[in-house]
Each structure stands twice: as structure tokens, then as C-alpha cells.
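Okay, so here's the structure we're looking at.
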There are 2 protein chains.
Amino acid sequence: MVIGGRRSGRPTLEEVAARAGVGRGTVSRVINGSPRVSDHAKAAVEAAIAELGYVPNRAARALAGNRTDAIALVIPEAETRLFAEPYFSDIIRGVGAELADTDMQLLLTLLRTPKERQRFAQYLTAHRVDGVLLASVHEDDPLPDLLEQLEMPTVLSGRRSDLESVSYVDSDNVGGARSAVAHLLGLGRRSVATITGPLDMYVARCRLDGYRQAVEGAGLLHDNALVAAGDFTEEGGRAAMRALLERRPDVDAVFAASDVMAGGALQVLREKGRRVPDDVALIGFDDSAIARHTDPPLTSVRQPIEEMGRTMARVLLEEIAASTATRRHVVLSTELVRRESA
Amino acid sequence: MVIGGRRSGRPTLEEVAARAGVGRGTVSRVINGSPRVSDHAKAAVEAAIAELGYVPNRAARALAGNRTDAIALVIPEAETRLFAEPYFSDIIRGVGAELADTDMQLLLTLLRTPKERQRFAQYLTAHRVDGVLLASVHEDDPLPDLLEQLEMPTVLSGRRSDLESVSYVDSDNVGGARSAVAHLLGLGRRSVATITGPLDMYVARCRLDGYRQAVEGAGLLHDNALVAAGDFTEEGGRAAMRALLERRPDVDAVFAASDVMAGGALQVLREKGRRVPDDVALIGFDDSAIARHTDPPLTSVRQPIEEMGRTMARVLLEEIAASTATRRHVVLSTELVRRESA
DNA sequence: TTGAAAGCGCTAACAT
DNA sequence: ATGTTAGCGCTTTCAA
């Protein structure tokens with residue numbers, strides 16, 4: 001078709017315009033759903049598009065429109081090992097589902113080494129994504145602040161603290177944990193242990209707080225021997241359960257800060273010949289709005305987490321839309337002028 | 001900075017050139033590592049880049065260079081539910097690791113509905129990725145053929161058949177299964193069952209073949225009651241194990257076509273009070289080059305699968321490089337001229 | 001409502 | 001070895 005071999009052979013907007021007998025601007029308007037097009041022109045353009053099998057070139061669009069139509073799902077360092085846990089795959093599925101009828105692309109970014117984080121910071125600076133979904137935030141993670149500085153639309157799963165300044169989607173961790181433990185206490189259990197998540201994560205501390213509140217609310221003394229640290233993994237749950245059984249063989253109930261850890265604990269309990277829930281009652285926090293009671297059976301109800309993924313994506317898309325609007329708007333306000341020329 | 005507010009404020013190649021006192025071409029050459037640059041010019045450009053904090057604009061690059069610097073990892077329909085299995089996360093980690101020091105981006109594409117497949121086909125046609133990694137291929141999947149038609153660099157994990165025409169990374173499924181089952185037979189077991197994968201996948205059929213070869217090679221009769229169909233999931237493994245125990249309570253060994261299914265089978269065996277491996281020996285196929293013997297312990301060795309992911313990415317990058325070269329080359333040959341004008 | 005025209009920032013061909 | 005130039009395909013003013 002073309003000597004240079006550079007042209008891909010696919011029809012361009014210009015060709016569509018020619019075929020439809022209109023100008024390029026009109027075609028662009030039709031593609032982008034502008035209302036300022038006559039029905040007649042619109043029909044002609046749509047016909048031409050169909051006949052030619054035209055598909056807009058994303059790179060050209062990104063270049064001209066200064067956006068990328070892509071968002072990044074970032075999974076930081078330590079978490080890549082958790083990647084196999086249902087939590088992440090559910091989040092991903094939810095995000096994917098929400099994005100399915102958008103033309104946003106999902107970029108998966110695993111940040112293992114500091115070097116990779118560095119590179120990613122560059123990505124962001126280069127504005128190669130329109131927004132960021134940040135999973136599993138630890139308290140000292142510098143990424144949210146960077147994102148905020150760059151005014152990059154961002155949604156966290158969980159938050160760094162009570163005062164989180166960035167958008168997030170989170171569960172009622174304190175309340176859920178409290179109600180779960182209250183349930184165990186209501187069963188008449190008196191040596192209720194907990195397997196926590198990594199305590200540098202706010203979500204984990206909240207669940208521990210909920211546990212404490214319930215225990216103390218029942219007039220019981222808080223006993224550190226009943227608290228074992230986990231890391232949200234099944235293996236962590238097993239280790240913690242072993243530790244608990246060793247320290248307090250009389251334990252008669254366990255609240256695990258994650259579902260997966262409850263699964264690990266269950267294995268160990270069975271291994272040691274404990275009956276669940278008769279001998280030891282077990283509950284795992286499911287990340288849905290309330291704790292899920294795993295006694296008697298430990299079945300999986302994953303829809304809720306997937307739903308969180310959907311929500312994250314939805315919120316992010318809104319933020320992106322808003323930020324675009326803002327940017328456009330602020331061009332007229334003194335504030336942005338200041339910011340732009342800074 | 002700019003009235004229209006469209007400029008992002010980031011330095012452009014042109015500004016770098018000005019600062020370095022060279023032409024734009026030279027800057028481009030330096031960025032792209034061309035050898036045709038004097039050390040002096042190179043140093044000046046690099047200094048300017050550092051001072052300005054210049055980062056190339058990917059969209060502009062993609063538009064001008066007719067490439068995207070992105071590859072898609074595609075996980076089809078049925079598999080999204082398997083997403084939580086270690087297999088996928090390991091593949092993803094491997095791919096991610098291999099891409100880490102490239103500037104390729106990883107697009108995650110979950111294809112659940114026919115509509116999503118349709119959309120993805122458009123993506124491909126629009127050349128929005130430079131290459132595709134296709135996970136978990138079923139025999140009747142039309143995607144590989146589409147990819148081939150489009151001359152899109154592609155690597156499959158597994159293959160559709162013995163005659164696979166697209167690049168793939170696969171294990172020695174027949175041999176691995178055979179050796180695993182031979183091992184069980186060597187232990188003196190005589191009622192060796194197998195839990196298969198979905199039989200519309202070549203990989204699953206190969207493992208079943210290996211099982212058969214070993215059984216028949218030992219002079220035993222193949223008994224269909226000893227074959228239970230699974231789907232590579234833990235739940236599938238549990239169901240299959242239950243079926244096997246019902247049909248052949250005398251089963252004294254099981255070869256599961258996947259690690260995860262072996263895990264499920266183990267749960268059921270323990271539930272039913274069978275001793276593993278004394279009463280029933282159990283082996284799961286680990287997708288690394290050979291089967292992993294899970295008797296006595298069922299430990300996870302995941303590095304190999306991650307390695308498969310790395311390999312897939314590496315091969316794909318090579319294919320992409322080659323295809324670029326080919327395209328360039330073929331511009332000179334009659335063949336492409338024909339193809340281009342077709 | 002619509003066409004024309006000016007870029008967006010870069011790569012690659014061309015001419016030195 | 002290096003500067004210059006012509007696009008890549010689109011969005012977005014600006015006129016009309």
C-alpha cells in the first residue's frame with residue numbers, strides 16, 4: 001500500500017471522512033459521541049466506519065488528547081507473594097469486570113524491588129496512565145503521597161490510617177471484628193484468641209482493635225498470649241495457630257483477621273485433633289463488610305471481594321472523569337493558572 | 001505555562017535538544033541507543049535529559065514508531081475462575097519479572113464473555129499491543145488462529161495439539177505423567193487411579209496418556225473406573241477423589257494431573273480416614289518439567305512455574321523483535337508487497 | 001452544524 | 001555523525 005511500509009493498512013479517520021463525505025472533525029465528533037452532529041452526518045459516518053472496519057488508533061488519540069485510557073493496578077513489594085490468595089484475584093476480577101464495557105485498559109504492575117518502584121514513579125510522572133489502583137497499602141508506603149502530589153486519580157484498597165487523604169475502598173474492619181468476636185463470646189467461649197494481619201497495615205490493626213473492644217466489652221482481661229501475629233497468608237495462619245495452641249492450649253475460640261488465615265488455622269486444629277467448632281470455634285474475617293462466621297463450615301463466598309474490586313474501579317473512573325473536568329475548569333480559574341505556571 | 005492548558009508541562013525531546021545544543025534527531029538517537037552518535041553529543045544530551053528530568057512520551061513514540069511497547073496477557077473465559085490458583089499467579093510473576101527491566105507494559109486481559117472476546121479481537125486488529133501471551137489454551141479456542149492471521153507475535157502456555165503452529169511453552173506432560181505413575185507402580189501399588197484435567201485441553205490429555213502408558217506398560221489392564229475427570233481446581237480434585245473412592249474403594253494410589261487437584265484429593269482422603277501415603281499414595285503433576293512426588297509431604301515448589309512465565313515473556317520479546325525485523329526486511333521482498341496491497 | 005487547520009511529541013528518511 | 005523535515009492519526013480550536 002505504502003512504499004515505506006510504515007502504514008499499517010488500517011483505515012484512518014481521514015479515510016472515513018472521505019468515504020462519508022464529511023470533514024475529519026465531524027468524524028471525530030461522531031466517534032466521541034458529541035451531540036453537535038446532525039443525524040444525517042452521523043448516519044453517514046457510522047456507515048463509513050462499518051464499511052471500512054475503522055477502529056480508532058489509540059496512540060494517536062492518547063497523543064492528541066493527552067490521556068492514555070489506561071489505569072494501573074499496582075501490587076507492591078511484599079504482596080506479590082500473596083498474589084495467589086483469593087483476595088487479589090477477586091479484586092482483579094472485579095476491576096476487570098467493571099472495566100469490561102469501558103475502553104480503559106488494565107495495566108498490571110508488580111512492584112517488587114526498589115528499582116521497580118523507581119521506574120514506576122517515572123511512569124507516573126510521564127503520565128502513562130490515567131489513574132492508579134493501589135492494593136494492600138502498608139502504613140509507610142510512600143506511593144500514595146507521590147500519587148497525590150502528582151494529582152493522579154487514585155483509589156486504595158484499604159487505607160493507611162484514619163486520616164487517609166486519598167480515596168479508598170475499605171470495609172468496616174473494627175465493627176466487623178468486634179461483632180465476630182462478640183459472636184464467639186456469645187457462644188460462651190472465654191479464651192478467645194486472635195490471629196492478626198501484619199500490624200503495619202491499618203486494616204490489620206483495626207481488626208485487632210475490634211477484637212480488643214469485644215473482649216474488653218465482655219469484661220474479660222486482654223491477654224497477649226491470645227494474640228498471634230499472622231501475615232494474611234495461609235501459612236501465616238498455620239504458624240500462628242500452632243503458636244497459640246502452644247501458649248494457650250485451653251483456647252476455645254479463634255478470630256482470624258483473614259479468611260485465608262482461618263483456613264490455615266483450621267488445618268492445624270484438625271491436625272492436632274481439635275474439633276471445630278465444638279472444641280475450638282473459628283471465625284475468619286472475609287473483607288466483605290462484616291465478618292463471615294466459619295463455624296461450622298468453611299465455605300467460600302467471594303462475591304463481596306470481587307465487588308470491592310468493582311467499586312474501586314468505578315470510583316477511579318469517576319475520579320478520572322472529575323479530574324479531567326477540573327483541569328478543564330480550572331484553566332479558567334486563577335488557581336490553576338498559578339499551578340500551571342509554577 | 002501554556003494558555004490552552006493542554007501541554008502537560010513536561011519537557012519534550014525538542015527542549016532537550018535545545019538545551020543540549022543539538023538537533024532533535026540526535027536526541028532521539030541517544031534515547032534509542034543508536035551507535036551513530038559522538039560521545040560528546042551523547043554526553044551533552046544525557047546531561048540535558050538529567051537536568052530537565054525528561055521522560056519520553058510513550059504515546060508519541062507509539063504513534064510515530066507504530067508500536068505500543070505493551071503486551072497482553074490473556075486469560076480466557078473459563079479460566080478466570082482458576083485465577084486464584086497458584087498457576088496463574090506464578091505465570092504472572094514470571095512474566096512480570098522478565099518484563100521488569102524492559103519498558104514493555106503488561107496488559108491484563110480477562111476474557112469472560114463472547115462480547116469481551118469480540119472486543120479483544122478489535123484490540124488486536126487495532127494493533128494496540130505488540131504481542132500476546134495466551135494462557136491455558138483449550139483445543140477449540142479460535143484466538144490462536146486469529147492471532148496467527150494477524151501475524152501477531154504470540155506465545156501460548158501449553159498448546160492445542162501436537163501440531164501447534166503458534167509458539168508455545170509447555171512441559172513434558174506425557175513423560176512426566178508416565179514417570180510419576182511408574183513411580184507409584186514401582187511402589188507396588190496396583191490400583192492406581194488418576195484425576196484428569198479438562199479433557200478438551202491437550203495438556204490434560206497428554207497427562208492421561210502418560211498415565212495410560214505407564215499402567216499398560218506395567219502389564220495392567222486400563223480400568224475406566226480408575227479415571228476421574230477434574231478441572232484443575234481444588235474443588236474438582238475433591239469431587240474426583242470422592243468419586244474414585246466410591247467406585248473403587250480399593251484404590252491404593254492416585255496420580256492427579258495437577259498439584260492443586262492433588263491438594264483437594266488429599267483433603268478428601270484425610271476426611272475419609274485414609275492414610276497418605278501408606279494407605280493411598282498420592283502424586284500431583286506440578287507443571288514443571290517433571291511430576292512432583294507428593295508422598296509423603298505435599299509441599300509446594302513454585303519456582304518452576306514462575307520460570308515458565310519468564311520463558312514465555314522472553315520468547316515473546318524475541319518474536320516481537322524478529323517480527324519487526326521481518327517486517328522491515330520483507331518490505332524489500334515481493335512477498336510483502338503482495339501482502340501489503342492485498 | 002461543520003470543514004479547515006494547527007498541533008500533540010516522537011521516529012525515521014533524507015541530506016549534509 | 002548530525003541537523004532538518006515530513007509525517008504518524010487524532011483532538012480541538014477557530015471560522016464559517
Side-chain angles (χ1 to χ4, degrees), chain A residues 1-18 20-45 49 52 54-69 103 126-128 324 327-328 331, chain B residues 1-18 20-45 49 52 54-69 103 126-128 324 327-328 331:
Chain A
M1 205 70 137
V2 162
I3 306 289
R6 297 213 9 250
R7 287 281 312 274
S8 57
R10 286 189 298 116
T12 70
L13 183 145
E14 177 133 34
E15 295 173 50
V16 173
V22 301
R24 309 163 22 131
T26 303
V27 177
S28 179
R29 281 170 212 126
V30 171
I31 291 169
N32 296 296
S34 159
R36 306 174 167 287
V37 187
S38 69
D39 288 351
H40 178 249
K42 186 174 172 190
V45 169
I49 287 178
L52 263 36
Y54 168 78
V55 182
N57 179 317
R58 166 171 295 246
R61 212 174 215 179
L63 181 56
N66 199 37
R67 65 195 166 125
T68 65
D69 288 341
D103 68 340
H127 194 81
R128 296 218 267 240
T324 308
R327 191 165 295 276
R328 276 201 194 118
V331 170
Chain B
M1 205 70 133
V2 163
I3 308 289
R6 294 208 21 246
R7 286 280 312 272
S8 56
R10 286 188 298 116
T12 69
L13 182 145
E14 179 134 28
E15 296 172 50
V16 174
V22 301
R24 310 164 19 131
T26 302
V27 178
S28 179
R29 281 171 211 123
V30 171
I31 291 170
N32 296 295
S34 159
R36 306 174 165 287
V37 187
S38 69
D39 289 350
H40 177 251
K42 189 175 170 188
V45 169
I49 288 178
L52 263 37
Y54 167 78
V55 182
N57 179 317
R58 167 172 294 247
R61 213 174 214 179
L63 181 57
N66 199 40
R67 63 196 165 122
T68 65
D69 288 341
D103 67 341
H127 194 81
R128 294 218 267 240
T324 309
R327 191 165 295 277
R328 274 196 195 124
V331 170

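We name chains A, B, ... by the order of the sequence lines, and we start the count at 1 in each one.
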Exercise. Considering all heavy atoms of both residues, which atom of Ala60(B) and which atom of Leu63(A) are nearest to each other, and what is their separation?
Worked result: CB-CD1, 3.7 Å
Exercise. In terms of side-chain heavy atoms, does Arg61(B) have a donor or acceptor partner in Asn66(B) at a distance below 3.5 Å?
Worked result: no
Exercise. How far apart are the C-alpha atoms of Asn57(B) and Arg10(B), what are their side-chain angles, what is the distance that settles it, and do they pass the side-chain contact (heavy atoms from CB on, under 4.5 Å) test?
Worked result: CA-CA 9 Å; Asn57(B) 179 317; Arg10(B) 286 188 298 116; 4.1 Å; yes
Problem set entry | Sidechain-backbone polar pair: Asn32(A) side chain, Ser34(A) backbone, donor-acceptor under 3.5 Å | no
Exercise. What distance separates Arg29(A) CZ from Ser38(A) OG, expressed to the nearest 0.5 Å?
Worked result: 10.5 Å
For this session: May I have the distance from Arg61(B) (atom CZ) to dG7(D) (atom C1'), rounded to whole angstrom?
Result: 18 Å
Seminar exercise, completed: Rounded to whole Å, the CD1-P distance (Ile49(B) to dG9(C)) equals 16 Å
For this session: Write down the distance between CD1 (Ile31(B)) and C1' (dG9(C)), rounded to a whole number of angstrom.
Result: 10 Å
Problem set entry | Phosphate OP1/OP2 of dC10(D): any Ser28(A) side-chain N/O under 4.0 Å | no
Exercise. How many angstroms lie between atom OG1 of Thr68(A) and atom CZ of Arg128(A), to the nearest 0.5 angstrom?
Worked result: 10.5 Å
For nucleotides 14-16 of chain D, print each protein N/O atom paired with a nucleotide N/O atom at under 3.5 Å, atom names and distance only.
none

For this session: Measure from CG on Asn57(B) to P on dC8(D) and round the result to the nearest Å.
Result: 18 Å
Exercise. What heavy-atom pair brings Ala59(B) and Ala62(A) nearest, and what distance separates the two atoms?
Worked result: CB-CB, 3.6 Å
Exercise. Can you tell me how far C1' of dT11(D) sits from CG of Leu13(A), to the nearest Å?
Worked result: 9 Å
Problem set entry | Residue-phosphate contact under 4.0 Å: Thr26(A) side-chain N/O, dG3(C) OP1/OP2 | yes
Seminar exercise, completed: With five pairs defining each end axis, the helix from dT1(C)-dA16(D) to dT16(C)-dA1(D) comes out bent, to 10°, by 40°
Problem set entry | Nearest-neighbour nucleotide for the Tyr54(B) side chain, dC8(C), dC10(C), dG3(C) considered | dC10(C)
Exercise. Looking only at heavy atoms, which two atoms of Pro56(A) and Ile31(A) are closest? And how far apart?
Worked result: CG-CG2, 4.4 Å
Problem set entry | Nearest-angstrom distance from the residue atom CZ of Arg58(A) to C1' of dC8(C) | 17 Å
Exercise. Got a sec? Which of residues 34-44 of chain B come in under 4.0 Å of DNA chain C, heavy atoms?
Worked result: none
For this session: Could you state the atom-to-atom distance from CG of Leu63(B) to P of dG9(C) in whole Å?
Result: 12 Å
Problem set entry | Tyr54(B) to Thr12(B) - nearest heavy-atom pair and separation | CE1-C, 3.5 Å
Exercise. Quick one: is dT11(D) close enough that its OP1 or OP2 comes under 4.0 Å of any side-chain N or O from Asn66(A)?
Worked result: no
Exercise. If each of Val27(B) and Asn32(A) is mapped to the nucleotide of DNA chain D with the nearest heavy atom, which maps nearer the 5' terminus, i.e. the 5' end?
Worked result: Val27(B)
Exercise. Out of dG3(C), dC8(D), dT5(D), which nucleotide sits closest to the side chain of Arg24(B)?
Worked result: dT5(D)
For this session: Give the minimum heavy-atom separation between Lys42(B) and Val30(B), together with the two atoms involved.
Result: CA-CG2, 4.0 Å
For this session: State the CZ-CG distance between Arg58(A) and Asp69(A), to the nearest 0.5 angstrom.
Result: 5.0 Å
Seminar exercise, completed: Taking every heavy atom of Ala41(B) against every heavy atom of Thr26(B), the minimum-distance pair comes out as CB-CG2, 4.1 Å
